[in-house]
Amino acid sequence: MMRALTFITTILLTSIRRIHSMKPAPFDAKYTYNAPSGVKLVSIRDDGDGYSINGVTTVFGADGSTLYKMHIFTGRRSIYLSPDGSVVVLDGNIYFGQGLMRSSSFDDDQIVTSVYQKGKVWKEIRYKSDLNGETLEKQLGGGWAERPFEIDVSWDRNLLIYDMKDGSANREILLPADNQLNSSASEF
């Protein structure tokens, strides 16, 4: 019984220390997203340690041909890919995806979503200036905070829709107009 109690205590203390430091796990070397329309995105991390945030992302057409390459690595951000592959939306933090973002004391107007059109940055959505985000007071370990919104992408309406958890009105941001069908998201 004492042994079991010691084991459980050790596990709990180890978990608390990990939560306090909030160090992300190393990245996988490759992330792949397949859209329902048949287009595909493959992001490959540069050689080096598992924490490198550099890499190359390639978007393939439904026929398997290369549409374009981007000199970015998606990491754990959620991927939304337009049906024709021309628009890529990367949402969230490269390390923790859509679950966490930096608290206001670290970065008051951070980029929360990046929109690429044919491999070039089209728009970067910032928490405070684009979403009218409130100061994030509550901090988790390492200066991280829970994201106070969720995102939805409407390819039919060419909109990013931010559902603010604080009860304020949703925020809508236009997307580039050369996409028409529905797509879905992937989280890593």
Side-chain angles (χ1 to χ4, degrees), residues 24-101 110-127 129-131 133 146-165 169-188:
F27 291 115
D28 293 336
K30 178 177 168 181
Y31 292 92
T32 302
Y33 174 70
N34 295 294
S37 65
V39 295
K40 177 178 175 178
L41 179 144
V42 177
S43 189
I44 299 174
R45 178 179 43 85
D46 282 349
D47 290 335
D49 69 19
Y51 292 100
S52 173
I53 61 171
N54 299 313
V56 175
T57 297
T58 306
V59 176
F60 299 93
D63 63 358
S65 64
T66 299
L67 298 178
Y68 54 88
K69 292 185 179 207
M70 306 185 300
H71 293 284
I72 61 161
F73 177 60
T74 61
R76 294 186 183 96
R77 292 178 277 198
S78 290
I79 299 168
Y80 299 82
L81 185 58
S82 67
D84 66 0
S86 66
V87 177
V88 175
V89 176
L90 298 179
D91 185 57
N93 179 278
I94 194 166
Y95 298 107
F96 294 110
Q98 291 179 318
L100 301 174
M101 61 188 279
Q110 64 194 286
I111 296 168
V112 294
T113 307
S114 298
V115 179
Y116 296 84
Q117 184 176 31
K118 297 180 181 169
K120 308 275 188 244
V121 175
W122 183 78
K123 182 168 181 67
E124 293 181 324
I125 291 84
R126 294 185 172 275
Y127 176 64
S129 55
D130 294 316
L131 300 182
E146 291 183 26
R147 275 179 33 146
F149 59 87
E150 294 178 359
I151 186 175
D152 185 31
V153 178
S154 172
W155 296 116
D156 292 335
R157 297 174 48 211
N158 291 322
L159 284 177
L160 293 175
I161 304 162
Y162 291 86
D163 181 13
M164 307 307 281
K165 292 179 185 176
N170 287 352
R171 312 299 193 271
E172 295 183 349
I173 296 178
L174 286 172
L175 287 167
D178 58 320
N179 47 18
Q180 294 152 352
L181 304 172
N182 285 325
S183 187
S184 63
S186 168
E187 287 189 41
F188 295 110

CA sep, side-chain torsions, deciding dist, call: Tyr116, Ile72, side-chain contact (heavy atoms from CB on, under 4.5 Å): CA-CA 11 Å; Tyr116 296 84; Ile72 61 161; 3.8 Å; yes
Flag the pair [X] / [Y] as yes when at least one side-chain heavy-atom distance between them is below 4.5 Å, and no otherwise.
X: Tyr68; Y: Val88; result: yes
X: Tyr162; Y: Thr113; result: yes
X: Leu90; Y: Ile79; result: yes
X: Phe149; Y: Met101; result: yes
X: Tyr80; Y: Val87; result: no
X: Arg171; Y: Ile125; result: no
X: Val115; Y: Leu175; result: yes

Residue from Ile44, Thr74, Val42 passing side-chain contact (heavy atoms from CB on, under 4.5 Å) with Tyr31: Thr74
Set of residues satisfying side-chain hydrogen bond (donor to acceptor under 3.5 Å, both in side chains) with respect to Thr57, sequence neighbours excluded: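 Expected list: Ser43.
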Results of side-chain hydrogen bond (donor to acceptor under 3.5 Å, both in side chains) for Glu172 - residues two or more places apart only: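 Glu172: side-chain hydrogen bond (donor to acceptor under 3.5 Å, both in side chains) contacts with Arg157.
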[atom1]/[X] to [atom2]/[Y] distance, rounded to the nearest 0.5 angstrom?
X: Asp91; Y: Ile151; atom1: CG; atom2: CD1; answer: 4.0 Å
X: Asp163; Y: Asp152; atom1: CG; atom2: CG; answer: 9.0 Å
X: Met70; Y: Thr58; atom1: CE; atom2: OG1; answer: 8.5 Å
X: Arg147; Y: Asn93; atom1: CZ; atom2: CG; answer: 9.0 Å

Lys118 side chain to Leu67 backbone, donor-acceptor under 3.5 Å: no
Under 3.5 Å donor-acceptor, Tyr51 side chain and Pro24 backbone: yes
Ser82 side chain to Asp84 side chain, donor-acceptor N/O pair below 3.5 angstrom: yes
Residue Lys30 excluded, over 12 heavy atoms near NZ under 6.0 Å: no
Locate the shortest heavy-atom distance separating [X] from [Y]; write the atom from each residue and the value.
X: Ser37; Y: Pro83; result: OG-O, 2.7 Å
X: Ser52; Y: Arg45; result: O-CD, 3.4 Å
X: Met164; Y: Leu131; result: CE-O, 4.0 Å
X: Lys123; Y: Asp130; result: NZ-OD1, 3.9 Å
X: Arg76; Y: Ala25; result: NH2-O, 2.8 Å

Test side-chain contact (heavy atoms from CB on, under 4.5 Å) applied to Ile94 - qualifying residues, sequence neighbours left out: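 Result, side-chain contact (heavy atoms from CB on, under 4.5 Å) vs Ile94: Phe27, Ile53, Phe73, Arg77.
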Steps toward side-chain contact (heavy atoms from CB on, under 4.5 Å) verdict (Leu159, Leu174): CA-CA 5 Å; Leu159 284 177; Leu174 286 172; 3.6 Å; yes
